[in-house]
Each structure stands twice: as C-alpha cells, then as structure tokens.
Amino acid sequence: MGKPRTPAGRAKEIATRLEVLYPKAECELTHSNAYELLAATILSAQCTDVRVNMVTPALFAKYPTPLALAEANPTELETIIRSTGFYQNKAKNLIGMGRNVVDRFASVIPHEMEDLVTLPGVGRKTANVLRSVVFDLPGLAVDTHVGRLSRRLGLTTEEDPVKVERVLNGFIDPPEWGRFGLRLILHGRRVCDAKKPKCGICELEDICPATLMPSKSKEK
DNA sequence: ATCCCGAGGG
DNA sequence: CCCTCTGGAT
C-alpha cells in the first residue's frame, strides 16, 4: 500500500502498526480495582507512572477504600504521596474524592464522564483513563504523550487536549480509543520521547511528517 | 534546564 | 486566557 497522505489515513496506519508493536496495551499504573486506579491516576499528574507505583502500595494499604481516604489525616496522607509532587493539592483532592464518592455515589466509583469530572482532582484525562481501563467504555485519555505524538505524527496541530481528543476520536473506532491512547503513551515513553526521540529505531519513521521533513525531528 | 499519563483557580 | 502547585529523573 502507498503511504497515507491524510491525517485520517495516517491514524489508521499508525493504529495498525502500534497494535503489532504493543499488542497488550496495558495500563502501567498498578491497581486492583476502580478506586485504586482512580487514586493512582489522580497522583499521576506531572509525574511518571514508575514514581506513582512506588507510593501506591503504602497508600492502598493505609487507605483501602473511599471511606478510608475520606477520613484520612491530610498530613499523614501528604507524607505518603510526597514524592509524586504537587502533594498538598493531591492530598486535598484525594480526600475530597473519597468524601464525594462516599456521600454522593454510595461509595461506588461512577462510570459517567459527567459524574467523574465532578470529583476533586478528576479532569477529563483521568476520567477517560478510568472509563477505558476499568469500565471498558470508550475513552481516549489525552495526556502529554498522546498530545505530543499526535502533533509530531501529523494527526493534528491542536494543542488543547480536548480538541486533540475530538480529532483522534474521529479517526479511530470507539472500542479502540482506549488501547490506541495507551499505545501512543507506550511509544512515547519507549521511542518518541519529548527530549531525544529515537527516530532511527522508530517503526513509524517512514510515515512521520516530523522525520520526513528536512527540518528533521523537531516538534510542531 | 526540561519533562513526567493535569487539574483548579483567577 | 493565564498562573500555580512539587519532587525526581535526565
């Protein structure tokens, strides 16, 4: 087949290749239920998954339920999550999330986007992670990796994550949204990283506008 | 000095 | 729209 020349065509080809490269497309935040993934994802703001996974064992042991989080001592909670950064905001949000889930949702993590984003510390990206990973609902979480790769790969020029999400949603079938996002993240971490993308070993190099252009591997 | 699975507030 | 919140890795 010829090289895809439209963003929609490239998206299809990219999805096909990423499926081969990252067949499992698993979420790398350690969790065993919806509550744990919600807490872990709140902690993942501007922080690596590896770092989040270092603090969640102690977090889940001390606060195993939304109710336990709702009743947490802020200072003790901050101590546990400190290394993930933004720890005062995150502690406040985690406690607020616990209280809201207990009071407004009978201690059950909600599925609906409109409900999820009312929880403290939960924005659209976090809501989409939950929907796609634990509820098996369509959801494309646009984080820093998904945004960066989408622009480098010529799928969009948008900077606003909500607009990027809308564009990608138009290229990929809803049941594949979650895995497509996960695969972009995996590729973003292993190959197409922000600072020094490894274009020489990239399996998308031949269809990537960023490397096809003479201006080499620059973003934008 | 820049980046990491962002979100809330002004 | 902008700014702020934070530590750790590179």
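Note: hydrogens, waters and symmetry copies are ignored here, and every other heavy atom, side chains too, is used. Every chain is numbered from 1, with letters handed out A, B, ... down the list of sequences.
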query: Tell me, for nucleotides 3-10 of chain C in 5' to 3' order, what letter each nucleotide earns: B for a base near a protein heavy atom under 4.0 Å, S for only sugar-phosphate near one, - for neither?
result: --BBBSSB
task: Taking only Lys NZ, Arg NE, NH1 and NH2, and the carboxylate oxygens of Asp or Glu, determine whether A:Glu158 and A:Arg166 approach each other closer than 4.0 Å.
output: no
- prompt: Under 4.0 angstrom, heavy atoms only, what part of the nucleic acid is A:Leu43 near: base, sugar-phosphate, or nothing?
  reply: nothing
- prompt: Do A:Arg151 and A:Glu159 sit within salt-bridge range, that is, some charged N less than 4.0 Å from a carboxylate O?
  reply: yes
message: So, OP1 or OP2 of B:dC5: does either fall under 4.0 Å of a side-chain N or O from A:Thr41?
response: no
- prompt: Counting only non-hydrogen atoms, which of residues 179-187 of chain A are less than 4.0 Å from DNA chain B?
  reply: A:Leu182, A:Ile185
message: Students often get this wrong, so: under 4.0 angstrom with heavy atoms, is A:Pro161 touching a base, only sugar-phosphate, or nothing?
response: nothing
- prompt: Any side-chain N or O of A:Arg189 under 4.0 Å from OP1/OP2 of B:dC5?
  reply: yes
message: Using a heavy-atom cut-off of 4.0 Å across all strands, would you classify A:Val122 as base, sugar-phosphate, or nothing?
response: sugar-phosphate
SB check A:Glu13 A:Arg10 (cutoff 4.0 Å): no
message: Regarding A:Arg99 and A:Glu71, does a basic nitrogen lie under 4.0 Å from an acidic carboxylate oxygen?
response: no
task: Take A:Lys125 and A:Ser44 through the test side chain to side chain donor-acceptor pair (under 3.5 Å) and record every step on the way to the result.
output: CA-CA 11 Å; A:Lys125 175 242 154 182; A:Ser44 74; 3.1 Å; yes
